[in-house]
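Every number for a ligand or one of its atoms is a count from 1 in the order of the listing.
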Amino acid sequence: MRLLKAAVAAVALAMGTSAFADTIDIKFSHVVAENTPKGQMALKFKELAEERLPGMVNVSVYPNSQLFNDDKVLEAMLLGDVQLAAPSLSKFEKYTPQYLVFDLPFLFKDMAAVDRFQKSKEGRDLLNAMESKGLIGLGYLHNGMKQLSANDPLRTPADAKGKKFRIQESNVLAAQFEAVGGTPLKKPFSEVFTLMQTKAIDGSENPWSNIYSKKFHEVQSHITESNHGVLDYLVVTSAEFWNGLDSDVRSELTAALDEAVAYGNEIAAKQAESDRQAIIDSGRSQVLQLTDAERQQWVDAMKPVWAKFEHEIGKELIEAALAANQ
Ligand code: SIN
């Protein structure tokens, strides 16, 4: 351990942080609440990393967009202002089109399929899709399947026509809402509640834990249990920071991260269920179930989006993702 500490000090020196610095500061910025799978995973990572590398790393977690919104965090990371983040996979389009595969509507039948794809060779290779842009994917973290919400019941695609939907920074998600006659608006997560409350948007799509933790169900009268897509995360860092670490430090941080991600994934599955129930019990928003015929209408309307993005994403990648459904 003493050797490791000396090595860390040497790295800190080499990075020019401070002549006597022996603590590596890791800022972990995210946009959701602490009582979510990502919020809990980030805190677990802090606990484990500081336990594994006592006095050598100092992890500061900034939830709720306190430090950066997701539209700024990757630029900040490349500038060295933040070392870890876990934006939704829908927010990397500027850096690679490949993660758009996760946004294709009705591609994954459930979270087990998403998990299988992420663990497949193709899924693991994707972690390195942005290395030439200076970003490294350290792992995937689950949130869950997305549900549609609005101020009117959304039973069929015709109900979405003419409505404004907040979306994340993804052209696939834009095409998905255009396919049902809606108007997509790309807006930061931190603005969603106010946009809903002031009726600047009519609806949105979110997993249960984001709806509940941000109280979206209090400002949307209806939620359709559509499970039409997935919202998962990429834990990401900058190549400059990560490759600049001593290899022993890097392996301790990797172990802490793997354990924290496993912990977050376990929470994600349970929380999706308990937050869904809490929303129903609150009586603030009506949760709608689709009949098979209604659901099929959404599939028929949205699935043509796949063909539009097949060239950009890659046919083989889409096929690999589909194969995870079996
Ligand atoms: C998140 O879960 O990190 C936010 C996703 C969103 O922007 O909708």
Short N or O distance, Tyr233 and ligand 1, threshold 3.5 Å exclusive: yes
Ligand-side contact atoms (ligand 1) for residue partner Asn210, heavy atom cut-off under 4.0 Å: 1 (C), 2 (O), 4 (C), 5 (C)
Identity and distance of the protein heavy atom lying nearest atom 3 (O) of ligand 1: Lys38 NZ, 2.6 Å
Residues Ser90 and Asp103: side-chain donor-acceptor under 3.5 angstrom: yes
Polar contact flag for Ser88 and ligand 1 (N/O pairs, less than 3.5 Å): no
Charged N-O contact under 4.0 Å between Glu266 and Lys44: no
Lys215 atom NZ: more than 12 heavy-atom contacts under 6.0 Å: no
Closest protein heavy atom to atom 8 (O) of ligand 1, given as residue, atom name and distance to 0.1 Å: Arg166 NH1, 2.7 Å
Structural part of Leu231 in contact with ligand 1, heavy atom criterion under 4.0 angstrom: side chain
Polar contact flag, side-chain donor to acceptor under 3.5 angstrom, Asn64-Lys214: yes
Over-ring placement of Lys46 relative to Phe28, 6.0 Å and 45° cut-offs: no
Heavy-atom neighbours of Gln289 CD exceed 12 at 6.0 Å: yes
Atoms in ligand 1 flagged as close to Val32, the criterion being non-hydrogen separation under 4.0 Å: 1 (C), 2 (O), 3 (O)
Enumerated ligand 1 atoms positioned under 4.0 Å from heavy atoms of Val31: 1 (C), 3 (O), 4 (C)
Residue and atom name of the nearest protein heavy atom (relative to atom 7 (O) of ligand 1), distance in Å to one decimal: Lys91 NZ, 2.6 Å
Sole candidate of Lys163, Glu294, Gln147 that passes side-chain contact (heavy atoms from CB on, under 4.5 Å) when paired with Leu154: Lys163
Thr36, portion touching ligand 1 at heavy-atom distance under 4.0 Å: neither
